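What follows is a single structure, written as structure tokens, with notes after it.
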Amino acid sequence: MSNLIKIKLPDSSIKEAPSGSTLYDITGLIGKGLQKAALAAELDGVLTDLATTVTKDSDLSIITFDSEKGRDIFWHSASHLMAQAVKRLYPDAKFAIGPSIESGFYYDIDMKKTLTPEDLEAIEAEMAKIVEEKLDVKREEMPKADAIKYFSSINETYKIELLSDLPDGNVSLYRQGEFADLCRGPHVRNTEQLKSFKLLSIAGAYWRGDEKNRMLQRIYGVAFPDQKDLKKHLDFIEEVKKRDHRKIGRDLDLFSTHEDVGAGLIYWHPKGARLRNTLEEWWKKEHFKNGYEILYSPHIGRSTLWETSGHLGFYKDNMYSPMEIDGNDYIIKPMNCPFHIKIYQTSLHSYRDLPLRWAELGTVYRYEKSGVLHGLLRVRGFTQDDAHIFCTPEQIEDEIKEVLRFSLWMWKTLGFTDIKAYLATKPEKSVGEPERWITAQESLRKAIESADLKVELDEGGGAFYGPKIDLKVRDAIGREWQMTTIQFDFNLPERFDMYYIGEDGQKHRPFMVHRALLGSIERFVGILIEHYSGKFPAWLSPVQVILINVSEEQAGVVNEMKNTMIDRGLRPQVDLRNESMGYKIREAVSQRAPYVCVIGKNEAENGTVSVRKRGEKDSITMAINDFYKMLEEEIAEKR
RNA sequence: GCCUACGUAGCUCAGUCGGUAGAGCAUUUGCAUGGUAAGCAAAAGGUCACCAGUUCGAUUCUGGUCGUAGGCUCCA
């Protein structure tokens, strides 16, 4: 008889099991359901497979799909499953890396055949077979040299390259049936656990992400323990497609791009321009309220300016070639900052003038590789909601706090509430005095603290010229977008030799902070479209009300209503077309206007409107003035 | 930039194994004058992205250019 050992679970309860039991056996003691759901375990804090045997008293925590670690393991196992299927179908396939990712997994493969979407179905079918075969997934450990020998024997050149980067000693392989892969693990117990999966797409990817290396074929996929969850995930992908700002932008006639004129350049149509204008007017008003001044600066500047600023050195790849004017080179601006500094330098500044908060909706042009352009989200010409703050060291802390508070308030008003901060600190190579870095980083840290934000620290991840805070906001369907940046700059004040006169009558270097709250107007509108799925709150909606007449006789009343609304600063749109009412309502609803108003004989006679609120099927009849009041209230409250 | 796929009417997409093309919606016109998600009919609409090459003939095949989409170290 073997001895009993004590296994302590996360809730501090203790299970006794015979020494030498596997973790899988032990999960069975806790519950059948858990045993089925278990993927791996943490034994005394170490991630391990369920096949591991225990011979001494230990702490145990079971990993299931509900945790991030669990999903990671599950998806990584699914990528092995896929690789096995690929190898069966294409024996010449060589495997590079196949990790789990944020939602799913991929494997990079080198093989002769170029995969098509139909091939994915065949691979899926083969994967299903392997699941049916219920292969045990077994860990094998061996010296690195043996592993190299093994992978040489099956011609897995990428694995050999990976192995050569690993420290000497033992490495682990995971084997399922005829297939074995180099892997740290852990993995699921048996292929039967990987029932619900879907291969999503094929893409090219460089070996080790380096464009000098060979391009491999990458297959993306996703997997779940349950068919229902897979369905949910696929529905989510559909939902993302439906919200695509490029599609909604066309359907709602907001913007376009023109391939014959240039990629990554946005044309704002009347309705898109209204939306943008509403945002910008609001943005300016709030900036004035928050102690900013608004600037306008030129679109081009002489190359000497960009030499002074240093951009021609470290930012050259993103800048367009110069144009010659009167024998001088001019460059279209990729940034607004040097211009703001030029304005700063038009007069001598006392410490009493500071802080200066100078904002500009400045349109900049940056070269982006053609492959990364994407609708409004990644473009070559865009308008930053930029500002620069020039202040004394004493003012830094309050200034940063204030910027952060302002930014968070703005996000809340725009309908985004889930926000996370990322603090990036001094990298190895940097400019600026160390004390300045410390002061700046301290102010950023304190601002985050006082705003009570979730924060992630990126130690050493700052730009060479200063530390920064980025804010990521989560949209309505859970995607994170990096938006706000608050960035110190110790470089430009030096390069332009900026100073102010202190209390002591001496010259002092001001602190300079760049900040963009929305990031770029183009990109932000793109995200806004997807966040609201085109159903903008009334205060932003380019068309707030669509007015529909039942028959020609009401055309006069409808036009009158429209004029009154325009006078009141509202944004109505009339549809007097000689079409059936049903038809016009259908179209108005698909245009996602917050309200559709129908005026027929009854309404015209009684001074009422039949109001149909977006998302509701039934309409309400109310007095015209009551409707105006209701709408105006909704707009004022930015609901 | 690189890989893969794609580019046909304003939009969504068929189609042509090489003989200059079709549907639905949208548009225009006519009829119908309506009560809360598509009334009926007709017409018009295309250099089949662009430029070369092969061919008697190219939207189709080949090459190039431009553009679009999904990707391109989340490191066994």
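Remember, it's a predicted structure, so these values are computed and weren't measured experimentally. Chain identifiers are assigned alphabetically (A, B, ...) following the order of the sequence lines, protein sequences preceding nucleic acid strands; residue numbering begins at 1 within each chain.
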A/Glu552 side chain, from C-beta outward: closest of B/G39, B/G1, B/U33: B/U33
What distance, rounded to whole Å, do you find between the two P atoms, one in B/G39 and one in B/A26? 9 Å
May I ask you to evaluate whether A/Arg208 reaches the phosphate of B/U73, defined as a side-chain N or O under 4.0 Å from OP1 or OP2? no
Contact class for A/Gly600 (heavy atom, under 4.0 Å): base, sugar-phosphate, or nothing? base
Regarding A/Lys584, tell me which of base, sugar-phosphate or nothing describes its non-hydrogen contacts under 4.0 Å with the strands shown. nothing
Look at the aromatic rings of A/Trp268 and A/Phe255 and report parallel, tilted or perpendicular, splitting at 30° and 60°. tilted
Judged by modelled atom types alone, do A/Gln217 and A/Tyr107 share a side-chain donor-acceptor pair under 3.5 Å? no
Name the nucleic acid region contacted by A/Ser100, choosing base, sugar-phosphate or nothing; use a 4.0 angstrom heavy-atom cut-off, strictly under. sugar-phosphate
Where the side chain of A/His374 is defined as all heavy atoms beyond and including C-beta, which of B/G70, B/A76, B/A32 is the nearest nucleotide? B/G70
Which nucleotide in the set B/G71, B/G34, B/C74 lies at the smallest distance from any side-chain heavy atom of A/Asn578? B/G34
What is the separation between atom CD1 on A/Ile585 and atom C1' on B/A37, rounded to the nearest whole Å? 8 Å
Remember a base hit wins even if backbone is also touched, and classify A/Val171 as base, sugar-phosphate or nothing at under 4.0 Å, heavy atoms. base
A/Arg250 vs B/U12: side-chain N/O to OP1/OP2 distance below 4.0 Å: yes
What's A/Val372 touching, base or sugar-phosphate or nothing? Going by heavy atoms closer than 4.0 Å. base
Which part of the nucleic acid does A/Glu616 contact within heavy-atom distance under 4.0 Å: base, sugar-phosphate only, or nothing? nothing
Distance below 4.0 Å between A/Tyr583 side-chain N/O and B/A26 OP1 or OP2: yes
Indicate whether any N or O donor in one side chain lies under 3.5 Å from an N or O acceptor in the other, for A/His233 and A/Ser103. no
Using whole Å, report how far CG of A/Asp458 lies from P of B/C74. 13 Å
Exercise: do A/Asp108 and A/Trp207 side chains pair donor with acceptor under 3.5 Å: no
Mind checking A/Asp251 for me? I need base, sugar-phosphate or nothing, with any heavy atom below 4.0 Å counting as a touch. nothing
Under 4.0 Å, counting only non-hydrogen atoms across every strand here, what does A/Arg214 touch: a base, just sugar-phosphate, or nothing? nothing
NA contact type, A/Leu373, heavy-atom cut-off 4.0 Å: base, sugar-phosphate, or nothing? sugar-phosphate
A/Lys271 versus A/Gln573, side-chain donor and acceptor atoms under 3.5 Å: yes
Length of the line joining A/Glu553:CD and B/U33:P, which is rounded to integer Å: 12 Å
So what does A/Tyr220 touch, heavy atoms closer than 4.0 Å: a base, only the sugar-phosphate, or nothing? sugar-phosphate
Mind calculating the distance between CD (A/Glu480) and C1' (B/C74) to the nearest angstrom? 13 Å
What is the pairing partner of B/C66, taking Watson-Crick or G-U wobble pairs with both distances under 3.5 Å in any strand? B/G7
Rounded to the nearest Å, what distance is computed from the CH2 atom of residue A/Trp207 to the C1' atom of nucleotide B/C3? 17 Å
Between A/Arg246 and B/G70, is there a side-chain N or O to OP1/OP2 distance below 4.0 Å? yes
Rounded off to whole Å, could you give me the NZ-to-P distance for the A/Lys241 and B/G70 pair? 11 Å
Exercise: do A/Glu459 and A/Thr425 side chains pair donor with acceptor under 3.5 Å: yes
If I take atom CG in residue A/Asp575 and atom P in nucleotide B/A26, what distance separates them, rounded to the nearest angstrom? 13 Å
Which comes earlier along RNA chain B counting from the 5' end, the contact point of A/Ala263 or that of A/Glu603, where each point is its nearest nucleotide? A/Glu603
Between the side chains of A/Lys138 and A/Tyr174, is a donor N or O closer than 3.5 angstrom to an acceptor N or O? no
Closest to the A/Met215 side chain: B/A76, B/C2, B/G34? B/C2
Just N and O in the side chain of A/Arg218: are any of them under 4.0 Å from OP1 or OP2 of B/U4? no
Is the shortest side-chain N/O distance from A/Lys369 to OP1 or OP2 of B/C2 below 4.0 Å? no
Quick one: is A/Arg577 getting a side-chain N or O under 4.0 Å of the B/U27 phosphate, OP1 or OP2? yes
Distance between the C1' atoms of B/A49 and B/U8, in whole angstroms? 10 Å
A/Tyr220-A/Arg218 side chain donor-acceptor pair, cut-off 3.5 Å: yes
Whole angstrom is fine here: how far is it from CD1 in A/Ile266 over to C1' in B/G67? 14 Å
Going by modelled atom types, is there a donor-acceptor pair between the base of B/G1 and the side chain of A/Tyr206 at under 3.5 Å? yes
Any idea which of B/A37, B/G39, B/A76 is nearest the A/Val589 side chain? B/A37
Please determine if a side-chain N or O atom of A/Ser580 lies less than 4.0 Å away from the OP1 or OP2 oxygen of B/G34. no
RNA chain B: A/Gly98 or A/Val611, which has the more 5' nearest nucleotide? A/Val611
When the C1' atoms of B/A14 and B/G46 are compared, how many Å lie between them, rounded to an integer? 15 Å
